[in-house]
Amino acid sequence: MAIYVEEVSRTFGEYLLIPGLTTKQCVPSNVSLRTPLVKYKVGTSPAIELNIPFVSAIMQSVSGSELAIELARNGGLSFIFGSQPIASQAEMVRKVKKFKAGFVTSDSNLTPEHTLEDVLQLIEQTGHSTIGITDDGTPNGKLLGLVTSRDYRISRDSRDKKVKDFMTPFDKLIVGEVGLTLSDANQIIWDHKLNTLPVIDKNQHLAYFVFRKDYDSHKENPNEVSSPDKKLLVGAGINTRDYEERVPALVEAGADVLCIDSSDGYSEWQYETLKWIKEKYGDKVLVGAGNVVDKDGFFYLAEAGADFIKVGIGGGSICITREQKGIGRGQATALQDVAKARDEYQARTGIYIPICSDGGLVHDYHMVLALAMGADFLMMGRYFARFDESPTKKLCIKNNYVKEYWGEGSNRAQNWQRYDMGGTASLKFEEGVDSYVPYAGKMKDNLAVTLGKMRATMCSCGAITIPELQKNAKITMVSSTSIVEGGAHDVILKDKA
Ligand code: RVP
C-alpha cells in the first residue's frame, strides 16, 4: 500500500511570525545576515559564507555575469546558468572572476580608420562618450589613442573626418599599467586631473579604463563577498549528463562553487555525479545538489557528499511541474521536514549541511519565514529577474515596464537536462512558462528595501542573527479569514476610490 504522509502540504502564505522579546540590542543596525553556503564540521568555519542569505536562480533569464557581479558585490552569490554550451558558461564565470571594482573593460572601441560619424553612432548605442581607439577596434587591442567629447566639435567637424585626425594619440595619454591598485589609479587620476585612466599591459594592449566617477565605488559595497585572492565569488549550475566535461571547464574558469540543477534531485544520477566530483577533486570542488522535498532526499544526497542541499519542487513562480507531473510539496512543509533532517544529520555526524529554500518566495516576509523555518539561504528567480542587471529585455507593455522571465522547463529555455529522467536528449513536455515580471530598477535599491524589512522583522522576533532566528522564532499558522484581516480591509482605498 502507498505511504500516506498525514501532514498537509503548506506554503509560506499560511504562516506568520509571532514577535519575541525585542531587547535593546535588537536594532536593525546590529542584525547580521551572514550565513554558511557549504557544509562544515561543527566548531570550524565553512569554506564559504555569504553576507546576505540570497543566491540567484540557475536560469537563463536570471543569472548571467552582470547579475552575478552585482549580487556578489552586495553580499550574495549567483549560479551562472548551465543550460548553455560549456564554453560560454565558463566565459561568464571568467568575466565575474576578472571583475575588479573600478576597473572597467571598455565597451566602446573603434580603430583610427573609423570616422566621426562612427563615433557619434557608437555613443548613441552605448551611451558612453569615452572611446578606446585600438589597432583592431576590440576592447583589448593595442591602444593607439582615446576619443572623448573634448576631441571634436560636432558643429564644425565634418562627419567623415578620420578618428586618427582628432583622437588624443597614445603618446599624449597618461596611462597606468596592469597590476596597479585602484588607489594607485585614483592617485594618478587626481594628480593629472584626468577623467579616464586607460590601463594597459606590457604590450600596450588596453586592459581597462578607470573612471574618475568610480573613485569611491569600492567603499559602497561593504558586504562584498570575495575569495582570498580578492576576486568576487561566483557559482555555476551543472547537470548529470555532461559533468565530466563541464565541471573541469568551470573549475578552470574559477567557479567557487557548483550546483547540480534539477527539478527532482533524489536520483541515482545525482548520486553518481556527486561521487565523481568528490572522487576527482575531494573538497577542492564544492558542489550543492537537489532539489528535494523530504528527509529521504536530504539523507541520500548528504550521503553522496553534497556540500549544500536545495529544497523545493513545483513552487517556482514560472513552474508548472505540479500541474504537469503531480509531484511536489508545499514549500513551507518541505523546508520544515528537510530542516529536521539537517539537524538530525548534524547531531549524528557533527557535520552541518546548509539547506537552501528554492522558489516560491513572493513577499519579503516570506524570506524571513523561510529562514525561521530552517533555511540557511534562499534561491530566487522572479525576485532578481525584475532588475536592470538580469540578462533579459526590458519592454514597455500597456504603459508599464516589464522584464522577460521564463522557466528552465519552458520551450524557450529547452533545459531538458534539468528535467531529465534518462532516455533521449529532449524536453518531452513543458514544465515551465514564459512570462513577464514588473520591472523594478537597480538591484542595489531593491535589496536595501528587502533587507531593511528583513532586519526589522528579525528585531521583532528578538533575533539579530539567522541562527538565533532559527532557534527562537515563534511561528503560527493562519486561517484564511485572518489572512484577509492582515491586508487593508473595510476601508475604501484612495487609489481605488
Ligand atoms: P521563483 O523565485 O519563484 O521565480 O522560482 C525560481 C525557481 O523555480 C528556480 O530556482 C528553480 O528551482 C525553479 N524553476 C526554474 N525553471 C522552472 C521551470 O521551468 N519549471 N522552475
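Atoms within each ligand, like the ligands themselves, are counted from 1 in listed order. For this chain, numbers begin at 1 and follow the sequence in order.
The closest approach between a heavy atom of Lys310 and any atom of ligand 1 is not below 4.0 Å. Under a 4.0 angstrom heavy-atom cut-off, Gly312 registers as lying outside contact with ligand 1. Under a 4.0 Å heavy-atom criterion, Tyr405 is in contact with ligand 1.
Listed by atom number, the atoms of ligand 1 under 4.0 Å from Gly409 heavy atoms are 18 (C), 19 (O). Close approach to Gly432 involves these atoms of ligand 1, each under 4.0 Å from a residue heavy atom: 18 (C), 19 (O), 20 (N). Close approach of ligand 1 to Arg382 is summarised as follows: ligand atoms under 4.0 Å from at least one heavy atom of the residue are 1 (P), 2 (O), 4 (O). Close approach to Gly360 involves these atoms of ligand 1, each under 4.0 Å from a residue heavy atom: 1 (P), 3 (O).
A donor-acceptor contact closer than 3.5 angstrom is absent between the side chains of Thr392 and Ser61. A donor-acceptor contact under 3.5 angstrom links the side chains of Ser83 and Gln60, judged on distance only. Side-chain contact, Tyr383 with Ser56: no donor N or O sits under 3.5 Å from an acceptor N or O.
Trp276 and Tyr243 have perpendicular rings, their planes meeting at more than 60° on a 0 to 90° scale where under 30° would count as parallel.
Checked against the 6.0 Å centroid threshold, Tyr271 and Tyr300 count as a close aromatic pair.
Atom-to-atom distance recorded for Ser410:OG and Ile320:CD1 is 9.0 Å, nearest 0.5 angstrom.
Looking at ligand 1, you won't find any N or O of Tyr383 less than 3.5 Å from one of its N or O atoms. Between Cys319 and ligand 1, no pair of N/O atoms sits closer than 3.5 Å.
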